[in-house]
Amino acid sequence: MTSVPTGPIDPLIQARGLTKRFPAITAVDAIDFDVAPGESFGFLGPNGAGKTSTMRMIGCVSPITAGSLRVFGLDPTADGPRIRARLGVVPQSDTLDLELTVRENLVIYGRYFDLSRGEAGRRAGELLEFVQLAERSGDKVEPLSGGMRRRLTIARALINEPDLLLLDEPTTGLDPQARHLLWERLYRLKQRGVTLVLTTHYMDEAEQLCDRLVIMDKARIVAEGSPRELIERYATREVLELRFSEADREALGTGPGADPADRVASGDDRAAPGESRHDGRGDGRLDERFAGLAERVEALPDRILLYTADGEAAAVAVHERGLLPESVLVRRSSLEDVFLRLTGRTLVD
Amino acid sequence: MGSLLRIAPLPFVAAPRAGRLVERNILVYRRIWLVLVSGFFEPLFYLLGIGFGIGSLVGTVPGLEGQALSYAAFVAPAMMASSAMNGAIYDSTFNVFFKLNYDKVYDAVLATPLGPADVAVGEVAWALMRGSLYAVGFLSVMIALGLVSSPWAVLALPAAMLVGFTFAALGMAATSFMRTVQDFDLIFLVTLPLFLFSGTFYPLSAYPPELQLAVQLTPLYHGVDLIRGLTTGALGPGLLVDAAYLAALGLVGLAIVSRRLEKLLLK
Amino acid sequence: MTVAALRVVEHNATYYRRTWRGSVVLTFLSPVLFLAAMGLGLGGMIDRAAPGVLSGVSYAAFLAPGLLAAQAMNTGTFESTYPIMSRILWRRTYHAVLATPLSVRDLLVGELAWISLRLLMMAAAFLAVMLLFGVVRSPLVVLAVPAAVLTGLAFAACVTAFTATQTNDSGFSSLFRFVITPLFLFSGTFFPIERLPELLRPVAYLTPLYHGVSLTRGLSLGTLDPTGAAIDAAVLAAYAVGGAIAARITLGRALVK
């Protein structure tokens, strides 16, 4: 599954058959991947796909069950402290120290990395500027907004000038403005040559930030490539989204009572790996109605997606067939569509 | 790290980095120093209320070597020992539990080069430093009130620290098994009887012989006996037994803690 | 008490059914242990050293009713610190309650009624222990139960008023260390306040716990003087009513913004 060039540059992270089992579940099931220095690498997948478990193993706070993992060429089991010394970690939920001020959070964290007090203080000042929190430096963490806390957590992760920054769902729960500010800061870090590894279940985030990503589902990697490559491989250029009235949906057989296994009508001959569901045995009525209009048709509970190179043309054709959707939207296809194609499910419910 | 822990004695591996955690706690308490100071008053109130108040009803008690001892001089070292216990228990149970399960302080710490052993040693070290502050304060009060009759009393300071160490280690070990806040009632269930029945308020001789044996198995009894021996000048080999018993229990606690913490934190 | 306030009691009782184990330890076992250690162990020493120093009663008989009143203080205080703060600030239960037809006044009455119920349970159980220890000297002791409830209520009302003014729980450790512990030790529970330094005696006399102890002790030992008892009860009632009025104001400020 890996397509990383095996050149003179050693990968920063190398996983082979990496597995994490908990008593009740297998969270990560024998995955392989490499992350090259300077790269921005993403794990995309729904909740419970195994992203966070993978991140925790890379962060040396979760022993691996089987397989092998090398970070900076070192073994997390034996060299945890040496690896962590070069990592910056932004966990999924903020673990800021509520008993300390904004600035103290950074300074004390720097001390954990054996920075001198002076150096930790100097870097804290710079980082607070970088994440635009300098004017809050004396405040407690409690009153900060979600976006501010997230920025502070990122500043904290940078205090040791890490070679590798691990970000677990960096913008989950943030408003759009806060997300864009964060993305911009992360982009600047990437420009400086910091290697970023992040998990997300937001398509736009993965498209914005990742040079390369893997899509995870049910503890396994189901696809890998750059965002563009994945879209080209698993989706069409455009998507036509149609919403029908309740009555029309019943007539089309995509109402709430429809069998989800039968809701895909496929006119697509490009097979996705590791799946046998898209075998064209879709709902007869859907096939009939949309035959020839798109490469592939996907019926979601609330709308129907037509995958096609030209959405406008498809929309016109839909009308010509006498179908009258309540709303019509033409958009470029995204990683969301790739995920839907690969797993038959949407990412964020 | 796991294998290293099992080979080398914990404190020697972890000491330098654990200091960073102590630094964090000092920073926190610099702002809420009143909470820190208030901890000193509790044993003082007890000394005044029980030692002098009830003491006025009791008069004198036979000391460890049979000499007549004012009741306040009898109770004061016991208050010193039990406040060392209470302080260490508080720091190592409630504080650690909340940091572990709610504030997630340690999750952040473990993303740095620090490991679970550093966390355990750091928290115990902090509990000890805080406890020794109280011990110094309390011993000064005892001297000022004329409740100290031997220069050996100076050794009551390290003795109080030893008591603190034992209970901090045992407390953290217990905390690592706690699941909900309600489980902490069990800690009261243990520390309150210890406080009341460990020869703190009346001599061991007040118990029937079988009970005396049971009392002698408790750690606080040895803490009280040790400190009382030092402040009243009743020295003997028994004090070494006290110290050895406390140290052994503390080390057992610490061994449990380092294993359990690894389990709890490195999932 | 209104029907609305009764709903608050019901809510708390439901919650208590799940958490009673812990409070049994705190509210019941702790005075029993104190009674065993101080009353029997230490009491034996006192009774031998100075027989008759407590007007002829044993130290255990002197101490037990004092502990009953002190435990009423502890229960009343504890129940109106963290649990109340939790419902105002953390779980914000009160905000949900006030979105229904219930008013702040219903809330307060309901909470105090609930605490009274807890006090009643604690006092009845403690009375059984006193009988078991054989430290009761008068049948009037049954009245010590309502006396203990009144004592606890005086604290609960005042402390609720205090809790509603707080924005976090850091004030509670000061409350316990600088108010409750000194009251516990110096209000006559363990030794008569005549043994306090002369300057402190009037201070002790002003505290609610002193009057609670005086009332329960008089009833348990059968040494009650009607005038003194009336004064004790009046002081406790004044604290309870005053506290409740203050709590009505501070709770209102905390909840209705």
Side-chain angles (χ1 to χ4, degrees), chain B residues 31-32 34-62 68 71 74-75 90 94 98 102 180-208 211 215, chain C residues 18-27 29-51 53-54 59 62-63 82 168 170-197 200 204:
Chain B
R31 247 191 318 273
I32 47 169
L34 190 68
V35 173
L36 202 64
V37 171
S38 74
F40 163 75
F41 285 92
E42 184 118 352
L44 184 63
F45 287 142
Y46 268 87
L47 173 61
L48 297 177
I50 309 283
F52 290 97
I54 297 187
S56 73
L57 301 173
V58 180
T60 60
V61 274
Y71 186 67
F74 175 83
V75 162
Y90 179 81
F94 298 99
F98 278 97
Y102 292 96
T180 70
V181 181
Q182 263 122 46
D183 288 341
F184 282 100
D185 301 325
L186 296 173
I187 288 183
F188 282 115
L189 205 56
V190 173
T191 54
L192 186 63
L194 283 183
F195 172 63
L196 290 170
F197 297 103
S198 296
T200 23
F201 298 110
Y202 44 89
L204 191 63
S205 57
Y207 291 109
L211 270 180
V215 170
Chain C
R18 284 185 282 130
T19 57
W20 62 273
R21 192 171 53 104
S23 42
V24 165
V25 174
L26 288 178
T27 58
L29 218 54
S30 115
V32 172
L33 290 172
F34 262 94
L35 184 56
M38 310 294 249
L40 302 185
L42 186 60
M45 276 169 63
I46 294 172
D47 296 340
R48 274 192 305 279
V53 72
L54 298 164
Y59 184 69
F62 170 85
L63 178 66
Y82 296 95
N168 61 58
S170 65
F172 292 153
S173 74
S174 299
L175 172 72
F176 284 110
R177 280 186 161 146
F178 293 117
V179 180
I180 302 301
T181 300
L183 285 182
F184 179 60
L185 290 165
F186 301 104
S187 295
T189 303
F190 291 100
F191 54 90
I193 63 164
E194 287 70 40
R195 294 189 175 254
L196 280 176
L200 286 178

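By convention in this document, chain letters (A, B, ...) are assigned in the order of the sequence lines, proteins followed by strands, and residues within each chain are numbered from 1.
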Answer yes or no: is there a side-chain heavy-atom contact under 4.5 Å between [X] and [Y]?
X        : Y        : value
B:Leu211 : B:Phe197 : no
B:Ile54  : C:Ile46  : yes
C:Phe62  : C:Phe190 : no

Taking atom OG1 of C:Thr181 and atom CG of C:Leu175, what is their separation to the nearest 0.5 Å?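 With rounding to 0.5 Å, OG1 (C:Thr181) is 9.0 Å from CG (C:Leu175).
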Tell me if the centroids of the rings in B:Phe201 and B:Tyr71 come within less than 6.0 Å of each other.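 No - the distance between ring centres of B:Phe201 and B:Tyr71 does not fall below the 6.0 Å cut-off.
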Which answer fits [X], side chain, backbone, both or neither, if we ask what part of it has an atom under 4.5 Å from a heavy atom of chain B?
X        : result
C:Leu54  : side chain
C:Arg195 : side chain
C:Tyr59  : side chain

Segment of B:Phe45 engaging chain C (4.5 angstrom heavy-atom cut-off): both
Using a cut-off of under 4.5 Å for heavy-atom pairs, which of B:Thr60, B:Thr200, B:Leu57 has the most such pairs with chain C? B:Leu57
